[in-house]
Amino acid sequence: MPLVAILLAPPVAAQVKDMQEDANAARYDAMFATPGGLTPGPQNNLFATSPGLEQQARRSTFTINGLVPMFFNSNANALPTGGTNSAEFSPLVNASWSTPVFDLPLRFTAGARAEVDRFTQVPASDFDKIGLSARLQHVDPNNDQAYSPYVSYAPRWDFDPFYRSRFATRQDINVGVNKTFNYDADFRRVAFSGNTIAETRWSFGVTAAIQRRFREPTPGSWAAFFVPSATYVISPQWNISAGIDLERRAFDSVNGFSQEDWLIEPIVTLEFVAPAEWFGSARTAAMVGRPALNFQAAYENNWSNAPGANFQAWHFGAALKFGWRF
C-alpha cells in the first residue's frame with residue numbers, strides 16, 4: 001500500500017481537493033438557502049428547502065448575491081492527522097437569471113459565480129475559482145411541494161491566487177430531484193399552491209442526485225448525493241436551518257486503483273436579517289441588498305479507501321449576505 005500511495009500522490013491530492021470543495025459549496029448553499037425570504041437567493045441550490053426552489057418563476061428575474069464569510073477552519077490543509085487551524089476568508093459574488101420556459105411546467109436558471117479562498121495559516125491552500133451553471137427544472141405551477149426533478153451542467157475553472165494562471169477545470173453534469181413538505185405556525189401542512197412561502201413556518205425537504213464529473217487534471221468521478229434539510233422561521237428577522245450533505249464519490253481508476261470516498265457534513269445556520277427600519281425604509285433596505293448576518297457551524301468528515309485521503313474539519317464562523325432581484 002505505501003507503493004500505491006507513492007504512485008497515486010498527485011491524483012489523490014486532486015481528489016481530496018474535490019471532496020473538500022464539495023463540502024465548501026454545500027456550506028455556501030446552506031447560507032443562500034435560509035428561509036428568511038427577504039434576501040433573495042439564486043434558484044439553483046443543493047438544499048430542497050431553499051425558498052422558491054420548486055416554485056415556477058412568474059417572469060424572468062435577474063438576481064445578484066454577495067457573501068462575505070469569515071470562518072475558523074480546524075483542518076485547512078485537509079490532512080488525516082495534524083491539520084492546521086486557520087482563519088478562512090472566502091468572499092464570493094453570484095449572478096443568476098431564472099425564467100419560465102414558454103408555458104411549460106419548466107424553469108431555466110443560468111448562473112455565474114466568482115470566489116476567492118484565503119487562509120491565514122495555510123497560504124498554500126489559497127486559490128480562486130470561476131463557475132458557471134445551467135439548470136432546467138420541472139416545477140408544478142399549482143404545487144411548489146411536488147416532486148421537482150432537474151438536470152444541470154456546471155463547469156468550473158480553478159486559478160492560482162489573483163487569477164494568475166489556471167491549474168484545473170471540472171465539469172459537472174447532475175440529474176436530481178427535490179421534494180419539500182411545508183407546515184404553518186401551528187404545524188399544519190400548508191395547502192398545495194404555486195407559492196406557499198408566505199404561509200410556511202416549518203419546511204422539511206430532501207434532494208437526491210447523481211453526478212458525473214469530468215476533470216482536468218484527471219481523474220473524473222461519479223457521485224450520488226442524498227441531502228435532507230429542515231428550516232424554521234422564528235420571526236421576520238430570525239430563522240434557523242439545518243441540513244446534512246451525504247455524498248458517495250467513486251473516482252475513475254488510476255494505475256489500477258479506484259478511489260472511493262464517503263462525505264458526511266451536517267450544517268446548522270442561524271440567520272439574522274437586518275430590519276428595514278435600520279435603513280429608513282423597505283425601499284432603501286432593498287437597495288442595499290437586504291443585508292443579513294449568517295452564523296454557521298459545520299462538521300466535515302471524509303472517509304476514503306486511499307491512503308492519506310481521510311480527513312475531518314470543523315467550521316465555525318459568520319458571513320454577511322446580500323441579495324438584489326430585478
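Atoms considered below: every heavy atom in the structure, side chains included; atoms not considered: hydrogens, waters and symmetry mates.
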(request) Supply the members, apart from Val116, of the Ile/Leu/Val/Met/Phe/Trp/Tyr cluster built from side-chain contacts under 4.5 Å; use none for a lone residue. (result) Ile130, Leu132, Trp157, Phe159, Tyr163
(message) Counting only heavy atoms from other residues, nucleotides and ligands, does the tally under 6.0 Å from CZ of Arg58 exceed 12?
(response) no
(message) As a quick check of understanding, evaluate side-chain contact (heavy atoms from CB on, under 4.5 Å) for Asn65 and Lys321, giving each step before the final call.
(response) CA-CA 7 Å; Asn65 295 102; Lys321 184 174 76 173; 5.7 Å; no
(request) Would you mind reporting whether Arg290 and Val273 have side-chain heavy atoms less than 4.5 Å apart? (result) yes
(request) Could you tell me which non-hydrogen atom of Thr200 sits nearest to which non-hydrogen atom of Val233, and how far apart they are? (result) O-CG2, 4.1 Å
(message) Distance check, rounded to the nearest 0.5 Å: Asn305 atom CG versus Phe251 atom CZ?
(response) 10.0 Å
(message) Would you say CZ of Phe162 has more than 12 non-hydrogen atoms from neighbouring residues, nucleotides or ligands within 6.0 angstrom?
(response) no
(request) Could you give me the CA-CA distance, side-chain angles and deciding distance for Asn294 and Glu271, then say whether side-chain contact (heavy atoms from CB on, under 4.5 Å) is met? (result) CA-CA 4 Å; Asn294 285 185; Glu271 179 175 76; 2.8 Å; yes
(message) Under 4.5 Å between side-chain heavy atoms, counting indirect links through other Ile/Leu/Val/Met/Phe/Trp/Tyr residues: same cluster for Leu270 and Phe204 or not?
(response) yes
(message) Tell me every residue that passes side chain to side chain contact (heavy atoms under 4.5 Å, CB included) with Ala318, counting only those two or more places apart in sequence or in another chain.
(response) Leu293, Phe295
(request) With sequence neighbours left out, write down each residue that passes ring pair (Phe, Tyr, Trp, His ring centres under 6.0 Å) with Tyr299, or none if nothing qualifies. (result) Trp314
(message) Whether the side chain of Ser235 engages the backbone of Gln237 through a donor-acceptor N/O pair (distance < 3.5 Å, no angle test) should be reported.
(response) yes
(request) May I ask you to decide if Asn45's main-chain N or O and Asp29's side chain share a donor-acceptor pair within less than 3.5 Å? (result) no
(request) Can you measure from CD (Gln137) to CD (Gln56) and round to the nearest 0.5 angstrom? (result) 10.0 Å
(message) Rounded at 0.5 Å granularity, tell me how far CZ in Phe316 sits from OG in Ser74.
(response) 8.0 Å
(message) Main chain of Leu46, side chain of Thr207: is a donor-acceptor contact present, judged purely on distance under 3.5 Å?
(response) yes
(message) According to a hydrophobic-cluster definition based on side-chain heavy atoms being under 4.5 Å apart (Ile, Leu, Val, Met, Phe, Trp, Tyr only), do Ile244 and Trp303 belong together?
(response) yes
(message) Starting from Val177 and following side-chain heavy-atom contacts under 4.5 Å between hydrophobic residues (I, L, V, M, F, W, Y), which residues can be reached?
(response) Tyr147
(request) Measure from the side-chain N and O atoms of Glu300 to the backbone N and O of Asn24, and report whether any donor-acceptor pair falls under 3.5 Å. (result) no
(request) Considering non-hydrogen atoms only, spot the tightest contact between Gly308 and Val16 and give its length. (result) O-CG2, 4.3 Å
Exercise answer: donor-acceptor pairs, residues 274-286 side-chain atoms, under 3.5 Å, sequence neighbours excluded:
from	atom 1	to	atom 2	distance (Å)
Ser281	OG	Thr284	N	3.2
Ser281	OG	Thr284	OG1	3.0

(request) Output yes when a side-chain donor or acceptor of Arg166 lies under 3.5 Å from a complementary backbone atom of Ala168, and no otherwise. (result) no
(request) Not counting sequence neighbours, which residues clear side chain to side chain contact (heavy atoms under 4.5 Å, CB included) with Ser133? List them please. (result) Asn44, Ala154
(request) Spell out, as yes or no, whether a donor-acceptor pair under 3.5 Å connects the side chain of Ser221 to the backbone of Ala250. (result) no
(message) If the condition is side chain to side chain contact (heavy atoms under 4.5 Å, CB included), which residues does Leu136 pass it with, not counting sequence neighbours?
(response) Val101, Leu106, Phe108, Val151
(message) Show me the pairs that pass ring pair (Phe, Tyr, Trp, His ring centres under 6.0 Å) and involve residues 30-67, at least two apart or across chains.
(response) none
(message) Tell me whether Phe322 shares a hydrophobic cluster with Tyr28, the cluster being built from Ile, Leu, Val, Met, Phe, Trp, Tyr side chains joined at under 4.5 Å.
(response) no
(request) Using salt bridge (Lys or Arg N to Asp or Glu O under 4.0 Å) as the criterion, list what pairs up with Asp160, not counting sequence neighbours. (result) none
(message) What I want to check is whether the side chains of Ser241 and Thr231 have a donor and an acceptor closer together than 3.5 Å.
(response) no
(message) Between Glu54 and Lys179, does any side-chain N to carboxylate O distance fall below 4.0 Å?
(response) no
(message) Could you check whether Asp22 pairs with Arg249 (Lys NZ or Arg NE/NH1/NH2 to Asp/Glu carboxylate O, under 4.0 Å)?
(response) yes
(request) Indicate the atoms forming the closest heavy-atom contact of Ile267 with Ala298, along with that distance. (result) CG1-CB, 4.0 Å
(request) Look up atom CZ in Phe89 and atom CE in Met70, then write down how far apart they are to the nearest 0.5 Å. (result) 5.5 Å
(request) Treat each ILVMFWY residue as a node, draw an edge where side-chain heavy atoms are under 4.5 Å apart, and state whether Ile264 and Trp262 are in one component. (result) yes
(message) I need the minimum non-hydrogen distance between Thr180 and Ser203, along with the two atoms involved.
(response) CB-OG, 4.5 Å
(request) Can you see which heavy atom on Val190 is nearest to which on Gln145, and at what distance? (result) O-NE2, 3.1 Å
(message) Go through it in stages, so that I can follow the logic: the residues are Arg170 and Asp18, the test is side-chain contact (heavy atoms from CB on, under 4.5 Å), and I'd like the CA-CA distance, side-chain angles, deciding distance and then a yes or no.
(response) CA-CA 10 Å; Arg170 69 187 204 186; Asp18 268 9; 3.6 Å; yes
(message) So does Gln312 get a backbone contact from the side chain of Asn75, meaning a donor-acceptor N/O pair under 3.5 Å?
(response) yes
(message) Tell me if a side-chain donor or acceptor on Arg107 pairs with a main-chain N or O of Leu53 at a distance below 3.5 Å.
(response) yes
(request) Examine the side chains of Asn174 and Ser152 and answer whether a donor and an acceptor come within less than 3.5 Å of each other. (result) yes
(message) Going by ring pair (Phe, Tyr, Trp, His ring centres under 6.0 Å), name the pairs with one or both residues in residues 208-241, residues two or more places apart or in two chains.
(response) Trp202-Tyr232, Trp238-Phe272
(request) Enumerate the residue pairs fulfilling salt bridge (Lys or Arg N to Asp or Glu O under 4.0 Å) with a member in residues 128-147, sequence neighbours excluded, ordered by first and then second residue. (result) Glu21-Lys129, Glu115-Lys129, Asp117-Lys129, Arg118-Asp128
(request) Can you sort out the partners of Glu216 under side-chain hydrogen bond (donor to acceptor under 3.5 Å, both in side chains), two or more places apart, ordered by chain and number? (result) none
(request) Verify, without hydrogens or angle tests, whether Arg189 (side chain) and Phe181 (backbone) share a donor-acceptor contact under 3.5 angstrom. (result) no
(message) Tell me the closest heavy-atom pair linking Gly82 and Leu79, and the distance in Å.
(response) O-CD1, 4.1 Å
(message) Any salt bridge linking Arg212 with Asp252? Criterion: basic side-chain nitrogen under 4.0 Å from a carboxylate oxygen.
(response) yes
(message) For the backbone of Glu265 and the side chain of Asp245, can you confirm whether one donor and one acceptor N or O come within less than 3.5 Å of each other?
(response) no
(message) Same cluster or not: Ile234 versus Tyr183, using hydrophobic residues (I, L, V, M, F, W, Y) connected whenever any side-chain heavy atoms lie under 4.5 Å apart?
(response) yes
